[in-house]
Number of protein chains: 2
Amino acid sequence: MSRWEPNARGRLEKAALELYSERGFEQATAAEIAARAGLAERTFFRHFADKREVLFGGAGELQELLVHKVANAPDSLAPIDAVAAALEGLGAMFEQRREFSRQRQSVIAANAELQERELIKLAKLSAAVADVLRRRGVADPAASLAAEAGIAVFKITFQRWIDETNHPDFGQLVRESLAELKAVTAGE
Amino acid sequence: MSRWEPNARGRLEKAALELYSERGFEQATAAEIAARAGLAERTFFRHFADKREVLFGGAGELQELLVHKVANAPDSLAPIDAVAAALEGLGAMFEQRREFSRQRQSVIAANAELQERELIKLAKLSAAVADVLRRRGVADPAASLAAEAGIAVFKITFQRWIDETNHPDFGQLVRESLAELKAVTAGE
DNA sequence: GCGAGTGATGGCAGCTACTGCCATCACATA
DNA sequence: TATGTGATGGCAGTAGCTGCCATCACTCGC
């Protein structure tokens, strides 16, 4: 494996996840990751803005997917239900890479800097969802709040999906979490 | 102003906010901040874990305050209402430092790394609120969801409070945002 | 008053993340 | 075969951050 092997980016992502798992995020240097991928450190930073970003290559696709699903949800659905329906549709994608997701999440859970990066990705997701809700005609601050609430449902759902040992259905967990949220915010 | 002047930490916080405002977070070095505070770079890193943390000295107090207020909210209040009541009680604290808050928030808004730090502080706030809700007898995932929803209300409220030019009342904004959230999550 | 102890500070060496700049390489195309 | 293009490597340099040790101001027991 040397220069001009295909899929340098993918090799870097794989090498990084392995090294971060083996010895922790802080103990792995960018040079080591690059070496394991058969590349130079300089090349690592050409593919990824920093050491953390290598774990978040999928964030863009996830956002596009979610935005697309919210945009295409039936007009009859209330904002929060449109977001929840879109979240349910993410199940297939996650189920497919469950083991990868678990490993990645365990690395992130062990390091605060990675959690920060994860949180800003979720914040951008929330902002994008708020945008598409506004395009559906939802006014502010309702659009922002519905988006934030939807992402909160996503966070809790994903955590439960990772933690549960008996492979629960992602969509089912979304529906349960949404019902809990509605129960919790029902009042007056 | 030299060695052994009192309140080194406070001087560093002030110098940092000034420098970050004047030329941006990335363009200000830790050595410069320390010099402006009459201290050495080494001393800066003894008071703050990193360059960002110097802007978040108040996060701990805020969390204690909020947790205390949620814990002492009337038992009759539903979880989300207990959190909202606690948030309303934060108004006095913010109104007192409105100009500081605006300047600080403008610095944070201009830099992604600072936003990441802010988000993890809010996540910790949410976790602490979830904890105190559990101590109030709220089960999971309701406790986590109520906390996340409450912090979402806080985020939107704070943003509106900063943006509005005509000095709105913080508590009033909390009540409005909560009402919007309830409207948005009311369903089926 | 005086010496030991304590906590805050400064200085310095060193590692690593990250960047700018330029050379080099593999490949496509004319 | 020449030439352009995009990906890569090498290297120097900056800045964030840490470990280690010396130094300084203050306190307390005597």
Does Ala28(A) reach a base, just sugar-phosphate, or nothing at all? Heavy atoms under 4.0 Å.
sugar-phosphate
Donor on one side chain, acceptor on other, Glu88(A) and Gln172(A), under 3.5 Å
no
Donor/acceptor link under 3.5 angstrom from Arg52(B) side chain onto base of dG16(D):
no
Between Phe44(A) and Thr43(B), name the one whose nearest nucleotide on DNA chain C is closer to the 5' end.
Thr43(B)
CZ of Phe45(B) versus P of dG10(C): gap in Å, rounded?
14 Å
Separation of dA17(C) P from Glu113(B) CD (nearest whole Å)
14 Å
Please determine, by modelled atom types, if Asn111(A) and Gln115(A) share a side-chain donor-acceptor pair under 3.5 angstrom.
no
For this output row, return yes or no: ring centroids of Phe94(A) and Phe158(A) closer than 6.0 angstrom.
yes
Rounded to whole angstroms, how far apart are NZ on Lys51(A) and P on dT19(C)?
14 Å
Comparing Glu26(A) and Arg42(A) on DNA chain C - which has the more 5′ nearest nucleotide:
Glu26(A)
Looking across every strand, which nucleic acid part, if any, lies under 4.0 Å from Ala31(A) by heavy atom: base, sugar-phosphate, or nothing?
nothing
Would you call Glu53(A)-Lys121(A) a salt bridge at under 4.0 Å N-O?
yes
Hey, is the side chain of Thr29(A) poking within less than 4.0 Å of OP1 or OP2 on dT16(C), counting only N and O atoms?
no
With respect to the side chain of Glu41(A), which nucleotide from dC17(D), dC20(D), dC18(C) is positioned closest?
dC18(C)
dT8(D) P sits how many Å from Arg9(A) CZ, rounded?
11 Å
Using whole Å, what does the distance between atom C1' of nucleotide dC11(D) and atom CZ of Arg46(A) come to?
12 Å
Between Leu39(A) (CG) and dC25(C) (C1'), how many Å, whole number?
14 Å
Whole-Å gap separating C1' (dA8(C)) and CZ (Phe48(B)):
14 Å
Ignoring the backbone of Ala40(B), work out which of dT18(D), dC18(C), dG11(C) is nearest its side chain.
dG11(C)
Given dT9(C), is OP1 or OP2 found less than 4.0 Å from the side-chain N or O atoms of His47(B)?
yes
Quiz item: cation-pi between Arg104(B) and Phe56(B), 6.0 Å / 45°:
yes
What integer distance in Å separates Glu32(B):CD from dC17(D):P?
15 Å
